[in-house]
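None of the values given here were measured: they were computed from a predicted structure.
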2 protein chains.
Amino acid sequence: MDATEALGARFETWQQFEFDESRCAVRGLLDRIGDRWSMLLLCALAAGPRRFSALARLVPDISKRMLTQTLRILEADGLVHREVRPTVPPSVTYSLTPLGRSFTVPLLGLIDWAEAHFAQVVEARERRAAAA
Amino acid sequence: MDATEALGARFETWQQFEFDESRCAVRGLLDRIGDRWSMLLLCALAAGPRRFSALARLVPDISKRMLTQTLRILEADGLVHREVRPTVPPSVTYSLTPLGRSFTVPLLGLIDWAEAHFAQVVEARERRAAAA
DNA sequence: CTGAATCCGATAAGATACTG
DNA sequence: CAGTATCTTATCGGATTCAG
């Protein structure tokens, strides 16, 4: 059974649960990390703990608002650890939890696919644009 | 080198490209399939070709508008094939392309992780909610 | 049956200014 | 340094209606 068949079989079990949020993991997962920044921040933290301002520099076009919000969600989901040292000025360091590190395995798989096949996706789009 | 280190190293190469959209595959990928429906539809099509109305039934809470729009994007990206048979009434069948099937491999990895660890994520959220 | 077109509300997300 | 608060704009996505 290849991955496509396995995925198809998986989908059919979800139907039996009627995609109940608490049991349908895809929905629950994508609602949380399917946004523009979550995966990128997890990638940034994979290289090691980073402070707030360091993350802001690493991901150039994220606003402070979105950075804070996304980190809060990742922290609430148990993927990221937030450590505050009560110095003056304050120093806050973010790092991956063991759960967050376990997530880097499938995340790396996704990114490997993207880097290997993204050219094909772009080509498909261009071919379609040319046809229109 | 484990996945976390590999991912961290990967991230650092993206910085050198300044996350240029055309070369940063994550951005390009997530902009397309990071929405609410794309991955779910790819899962639904993994079990085999499906007609438009069949997909609408398989994914109960998607509107026709979003179904059409999402399928069009997946088609434009070369992940899904759209076949129209000029009967009356018209019959349109969607199926995964070879590129789409290759994507089911990392997608299955992501879903495996979600099903294995989603309980931990939920628990983390509840613990946080209880603390607040 | 398979869409296209339009309208509209909800949410996401950027910019800016301010705080301990 | 590490946020918060507020405002505003942009986009998402649902409901409805119409068409080939």
Phosphate oxygens OP1/OP2 of [N]: is one of them under 4.0 Å from a side-chain N or O of [X]?
X       : N      : answer
B:Tyr94 : C:dG3  : yes
A:Arg50 : D:dA2  : no
A:Arg36 : D:dC12 : no
A:Ser53 : D:dA2  : yes

Any idea which of [options] is nearest the [X] side chain?
X       : options               : answer
A:Pro89 : C:dA13, D:dG3, D:dC1  : D:dC1
B:Phe52 : C:dA4, D:dA2, C:dT2   : C:dT2
B:Pro90 : D:dG3, D:dG20, D:dG14 : D:dG20
A:Arg65 : D:dA2, C:dG14, D:dG14 : C:dG14

Pick base, sugar-phosphate or nothing for [X], based on heavy-atom distances below 4.0 Å to the nucleic acid.
X       : result
A:Arg85 : nothing
A:Arg72 : sugar-phosphate
B:Arg51 : sugar-phosphate

Could you tell me how far apart [X] ([atom1]) and [N] ([atom2]) are, to the nearest whole angstrom?
X       : N      : atom1 : atom2 : value
A:Asp31 : C:dA12 : CG    : P     : 10 Å
B:Met66 : C:dT2  : CE    : P     : 18 Å
B:Leu67 : C:dG3  : CG    : C1'   : 10 Å
B:Gln69 : D:dA15 : CD    : P     : 15 Å
A:Asp35 : D:dC12 : CG    : C1'   : 14 Å
A:Ile62 : C:dG14 : CD1   : C1'   : 11 Å
A:Lys64 : C:dA17 : NZ    : C1'   : 9 Å
B:Leu71 : C:dA4  : CG    : P     : 11 Å

Specify the closest pair of heavy atoms between A:Arg51 and A:Pro90, including all atoms of both residues, with the distance to one decimal.
NH2-O, 4.0 Å
Start with the C-alpha distance between A:Arg101 and B:Thr4, add both sets of side-chain angles, then the distance that settles side chain to side chain donor-acceptor pair (under 3.5 Å), and finish with yes or no.
CA-CA 6 Å; A:Arg101 271 194 295 279; B:Thr4 304; 5.2 Å; no
Report yes if some heavy atom in the side chain of A:Leu41 is under 4.5 Å from a heavy atom in the side chain of A:Leu67; otherwise report no.
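Yes, side chains in contact.
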Ignoring hydrogens and geometry, is there a side-chain-to-backbone donor-acceptor pair from B:Ser91 to B:Arg85 under 3.5 Å?
no
How are the rings of B:Phe52 and B:Tyr94 set to each other: parallel, tilted or perpendicular (split at 30° and 60°)?
tilted
